[in-house]
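First listed ligand is number 1; within each ligand, the first listed atom is number 1.
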Amino acid sequence: MNKKNIAVFASGNGSNLQAIINAQKKGYIKAKIALLVCDNPGAFALSRANQAKIPIALLAPNDFSSRLAYEQCLVKILKKFKIDLIVLAGFMRMLSPYFVKSFKNKIINIHPALLPAFKGTQGIKDALNYGVKITGVTVHFVDEKMDHGAIILQQEVTIKSSDTEKSLAARIHAVEHRIYPQACKLFLGKRLKISGRRVKII
Ligand code: GRF
C-alpha cells in the first residue's frame, strides 16, 4: 500500500512539526511528511523542515491579490503532492470555508487549552489569567469556525499556583508533542469516525 502524505502548516517555532518528524522517524507514524507549508520567512519551522529534508512551500499572503488567490494556489500545491492529511501546527492564519471544503475532514489543529474554553491565539495566557485550575490541550478537526471542529483528543494539564506563562507553556507543549503524533496516527489508521460533533475512536 502507498504511504499516506502529510502536509504540516506552521508559522513559527515548529516544535509540533518536530514532534511529528520525530514520531515519523521512530516509525510511530507510518506516513511521509511530504510538505511544510509556511507563511513566514522567519519561522524556525523552516530550518526544522530543511534539516529533515522536507519540501517547503513558503507562500507569503501579501504576494497574492486576495485570500482566495492565496488559498487556490495552496490547494493546487497540496493536490500536486497528493496530501491526505493537513496538520495545522501553529499556523497563524484562519482558513476560509473554500479551503476547508477542499479538504473536508482532512484538516486537524492543535489548541493549547481545553476547547471550547479559551479559543484564540492566547489560550495559555488566557487560561492562566482567568484563574482556572485545570487547562490542557485539544486536537480537533478543522471546520469553518475558529477552534470549533469536532474534538479528537483532549488532555488536561493542572495549573500550579506557582505557574508563570512560561512554566505552564512548557507543560502544555510537552503534552502537545505527545498527543499530536497520536492523533495523526489515529487518523492515518482510519480509526477516527466522525458523527456530528462527536469523534469515535474505533
Ligand atoms: C502550539 O502551542 C499550538 O497549540 C498552537 O500554536 C503553538 C505552536 O507551537 N496552535 P510550535 O510552533 O509547534 O512550537
Side-chain angles (χ1 to χ4, degrees), residues 6-26 28-29 33 35-52 54 56-61 85-95 99-100 103 106-130 132 134-159 163-187:
I6 301 177
V8 179
F9 284 33
S11 304
N13 178 20
S15 68
N16 281 284
L17 164 68
Q18 191 65 56
I20 291 164
I21 293 171
N22 295 347
Q24 194 255 1
K25 278 198 183 138
K26 274 194 263 166
Y28 177 74
I29 293 177
I33 306 170
L35 189 65
L36 170 71
V37 171
C38 183
D39 60 348
N40 169 18
F44 186 60
L46 295 167
S47 311
R48 299 184 192 268
N50 273 327
Q51 179 82 29
I54 296 167
I56 293 170
L58 176 57
L59 298 181
L85 169 63
I86 294 172
V87 178
L88 305 185
F91 189 62
M92 299 312 281
R93 300 183 58 75
M94 181 79 190
L95 297 164
F99 186 89
V100 173
F103 290 92
K106 290 183 176 169
I107 311 171
I108 63 176
N109 183 43
I110 191 157
H111 183 74
L114 292 176
L115 291 174
F118 308 115
K119 294 180 177 182
T121 56
Q122 310 219 70
I124 299 173
K125 191 177 177 187
D126 290 347
L128 190 63
N129 289 344
Y130 195 90
V132 292
I134 295 170
T135 184
V137 176
T138 304
V139 180
H140 63 94
F141 282 103
V142 171
D143 67 7
E144 283 79 4
K145 295 187 200 151
M146 190 183 60
D147 297 332
H148 177 267
I151 291 171
I152 301 168
L153 294 174
Q154 284 189 308
Q155 170 81 58
E156 77 278 8
V157 171
T158 302
I159 297 181
D163 262 331
T164 60
E165 197 182 328
K166 199 171 165 208
S167 64
L168 177 58
R171 294 206 306 291
I172 295 262
H173 291 314
V175 170
E176 290 185 342
H177 301 159
R178 190 162 44 74
I179 73 169
Y180 218 7
Q182 196 184 341
C184 293
K185 187 181 171 77
L186 290 169
F187 179 96

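Atoms of ligand 1 found under 4.0 Å from any heavy atom of Asn13, numbered from 1 in the order shown, are 12 (O), 14 (O). With ligand atoms numbered from 1 in the order given, ligand 1 contributes 1 (C), 2 (O), 3 (C), 4 (O) to contacts under 4.0 Å with heavy atoms of Glu176.
By the 4.0 Å heavy-atom criterion, Gly14 is counted among the residues contacting ligand 1. At least one heavy atom of His173 sits less than 4.0 Å from an atom of ligand 1.
The side-chain contact (heavy atoms from CB on, under 4.5 Å) check on Arg93 picks up Asp39, Pro61, Tyr70, Phe91, with sequence neighbours excluded. The side-chain contact (heavy atoms from CB on, under 4.5 Å) check on Tyr28 picks up Ala23, Pro181, Gln182, Lys185, with sequence neighbours excluded.
In summary, of the residues considered (Gln18, Gln24, Lys26), a side-chain hydrogen bond (donor to acceptor under 3.5 Å, both in side chains) with Asn22 occurs for Gln18 alone. Considering Lys119, Gln154, His111 as possible partners of Thr138, the one that fulfils the side-chain hydrogen bond (donor to acceptor under 3.5 Å, both in side chains) test is Gln154.
The shortest N or O to N or O distance between Ile110 and ligand 1 is below 3.5 Å. Checked against a 3.5 angstrom limit, the closest N/O atoms of Ser15 and ligand 1 fall inside it.
The protein atom (non-hydrogen) at minimum distance from atom 8 (C) of ligand 1 is Gly90 CA, 3.6 Å. For atom 9 (O) of ligand 1, the closest non-hydrogen atom on the protein side is Asn16 ND2, 3.8 Å.
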Self-check item: Worked check of side-chain contact (heavy atoms from CB on, under 4.5 Å) between Ile6 and Ile29
Solution: CA-CA 10 Å; Ile6 301 177; Ile29 293 177; 4.0 Å; yes
